[in-house]
Number of protein chains: 2
Amino acid sequence: MEKLRALGLKLTPQRLAILQYLDGNTEHPSADAIYKSLTRKYPTMSRATVYNTLETLTNRGHVRELAIEARKKRYDPNTKHHHHLICTACKKVVDVRSAVNVCLSPEEQRDFEIIGHRIEFYGLCQACKKKRINKTM
Amino acid sequence: MEKLRALGLKLTPQRLAILQYLDGNTEHPSADAIYKSLTRKYPTMSRATVYNTLETLTNRGHVRELAIEARKKRYDPNTKHHHHLICTACKKVVDVRSAVNVCLSPEEQRDFEIIGHRIEFYGLCQACKKKRINKTM
DNA sequence: CTGGCTGCAAATCTTTTGCATCCTG
DNA sequence: CAGGATGCAAAAGATTTGCAGCCAG
């Protein structure tokens, strides 16, 4: 509610619905999942609005885009630094709650059969730093 | 060359071209980049063949699909466990050569302005383990 | 000769874009 | 009332699918 206001964004029912849907959501939904879920309650809402809003929220740092599935972005309202467990079969994504020592807590190891993990560093390469490009992931 | 034979795959000029293109390639190309690069030398090659071949190679574990850009898959012929540096602006992906202590070598820190890193664990969730689904990433 | 592979085209899926209309501030 | 936001539809980009014909084993 005040989140939008604090960001200098107009407060529309659609945006409230999207924010409300994302708030506390740990499912890491895709844009389409959000749209499908909201379109029941708000039949008037369009995909473009969902995409626009998600882009805005991403740019303002209020959600994070996840590149987990090849074809679709998924969104994480938790922008605090944290890690994920990803099921390679169904693409379920769950948050890692413990601090990462590159080995997980017993509970998480019980719930997921870990095949491996990856560490991705991100940042700016020399060329882009010179060009002052500064796009977010 | 013998790689294909070893995998029980038919040895076609197209596949040889793709394998040859990928061999030692550290650019983490997309399917389309591979297609565009090969279509000059092999004007007859179709996208479907590139996609088919990449899928086959992925399933047999000879390349790895990378979910780095939301819209396209990228492919890594290096299937050994390793990490990546990803430029958030231009999406350049370079291999991390040093063992990861969750801090990088001085050279890599010089070449990339590190903004952050992420660690992704992957594996099978309870539900998928029961169903014996076993799709690769 | 046969099944796997290729190439074309059409279909699909996700996301983006253009644009007229609407409505918040 | 103005400019940002919405909704529709069409476009774009990457990938998948269907299918007829081809060719490696």
Side-chain angles (χ1 to χ4, degrees), chain A residues 1-19 21 28-60 62-63 65-75 91 135-137, chain B residues 1-19 21 28-60 62-63 65-75 91 135-137:
Chain A
M1 315 61 205
E2 308 87 43
K3 272 191 183 181
L4 283 176
R5 215 164 316 210
L7 290 168
L9 296 176
K10 285 191 179 173
L11 197 137
T12 67
Q14 293 85 341
R15 284 178 169 174
L16 280 177
I18 294 171
L19 271 194
Y21 180 81
H28 309 82
S30 66
D32 204 58
I34 296 170
Y35 169 73
K36 284 211 177 69
S37 183
L38 293 179
T39 202
R40 273 180 268 149
K41 271 189 162 177
Y42 305 78
T44 161
M45 169 131 30
S46 82
R47 276 196 169 75
T49 298
V50 175
Y51 281 106
N52 285 340
T53 302
L54 288 171
E55 190 189 354
T56 305
L57 291 175
T58 301
N59 290 338
R60 315 257 170 152
H62 264 268
V63 301
E65 283 181 14
L66 305 180
I68 282 168
E69 291 187 70
R71 294 287 301 282
K72 52 176 133 179
K73 295 175 186 167
R74 297 185 53 171
Y75 293 88
K91 313 298 185 201
K135 278 176 56 188
T136 46
M137 272 180 103
Chain B
M1 312 67 205
E2 307 87 41
K3 272 190 182 180
L4 282 176
R5 216 167 313 212
L7 291 168
L9 297 175
K10 284 191 179 175
L11 195 137
T12 68
Q14 293 86 339
R15 284 178 170 175
L16 280 177
I18 294 170
L19 271 194
Y21 180 81
H28 311 81
S30 66
D32 205 58
I34 297 171
Y35 170 73
K36 284 210 177 64
S37 182
L38 293 178
T39 201
R40 274 181 267 150
K41 270 189 161 177
Y42 305 79
T44 162
M45 169 130 32
S46 81
R47 276 197 168 73
T49 299
V50 174
Y51 281 106
N52 284 340
T53 301
L54 287 172
E55 190 189 354
T56 305
L57 291 174
T58 301
N59 288 339
R60 315 259 171 152
H62 266 267
V63 300
E65 283 181 14
L66 304 180
I68 282 170
E69 291 187 70
R71 296 285 300 278
K72 50 176 135 178
K73 294 176 187 168
R74 297 184 53 172
Y75 292 89
K91 312 299 184 198
K135 278 175 57 189
T136 45
M137 270 180 104

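The chains referred to below are lettered A, B, ... by the order of the sequence lines, with proteins before strands, and numbering in each begins at 1.
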For a quick test of reading the model, state the closest non-hydrogen atom pair linking [X] to [Y] and the distance between them.
X       : Y       : value
B:Ala70 : A:Ala67 : N-CB, 4.4 Å
A:Val63 : A:Leu54 : CG2-O, 4.1 Å
B:Leu57 : B:Leu19 : CD1-CD2, 3.8 Å

Nearest whole Å is fine: how far is [N] [atom2] from [X] [atom1]?
X       : N      : atom1 : atom2 : answer
A:Leu57 : D:dG4  : CG    : P     : 17 Å
A:Arg71 : D:dG13 : CZ    : C1'   : 8 Å
A:Lys73 : D:dG13 : NZ    : P     : 14 Å

note = Its contact letters, B for base, S for sugar-phosphate only and - for none at protein heavy atoms under 4.0 Å, make nucleotides 5-10 of chain D read SBBB--

message = Counting C-beta onward and ignoring hydrogens, is there a side-chain heavy-atom pair between A:Thr58 and A:Lys73 closer than 4.5 Å?
response = no

task = Name the first nucleotide and the last nucleotide along DNA chain C (5' to 3') that come under 4.0 Å of a heavy atom in chain B.
result = C:dG3 to C:dT16

Using residues 28-37 of chain A as the side-chain source, report each donor-acceptor pair under 3.5 Å to any protein atom, sequence neighbours left out, with the distance given to one decimal.
| residue | atom | partner | partner atom | Å |
| --- | --- | --- | --- | --- |
| A:His28 | ND1 | A:Thr26 | O | 2.9 |
| A:His28 | ND1 | A:Val93 | O | 3.0 |
| A:His28 | NE2 | A:Asp76 | OD2 | 3.4 |
| A:His28 | NE2 | A:His84 | NE2 | 3.3 |
| A:His28 | NE2 | A:Asp95 | OD1 | 2.8 |
| A:Ser30 | OG | A:Ala33 | N | 3.1 |
| A:Asp32 | OD1 | A:Arg47 | NE | 3.0 |
| A:Asp32 | OD1 | A:Arg47 | NH2 | 2.8 |
| A:Asp32 | OD2 | A:Lys36 | NZ | 2.3 |

query = Distance-only, no hydrogens or angles: does the A:Arg74 side chain make a donor-acceptor pair with backbone N or O of A:Glu69 under 3.5 Å?
reply = no

inquiry  = Taking the axis from the first five pairs and the axis from the last five, what angle separates them in the helix from C:dC1-D:dG25 to C:dG25-D:dC1, rounded to 10 degrees?
reply    = 40°

Inter-residue atom distance A:Tyr42.OH - A:Leu16.CG, 0.5 Å rounding = 8.0 Å

note = Interatomic distance, OG1@B:Thr12 vs CE@B:Met45, rounded to 0.5 Å, equals 8.0 Å

inquiry  = Using the side chain to side chain contact (heavy atoms under 4.5 Å, CB included) criterion, which residues pair with A:Arg60? Sequence neighbours excluded.
reply    = A:Leu7, A:Leu9, A:Thr56

ask   = When we call it a touch if two heavy atoms are under 4.0 Å apart, what does B:Ala70 touch: a base, just sugar-phosphate, or nothing?
value = nothing

Side chain to side chain donor-acceptor pair (under 3.5 Å) involving A:Thr39 - partner list, sequence neighbours excluded = none

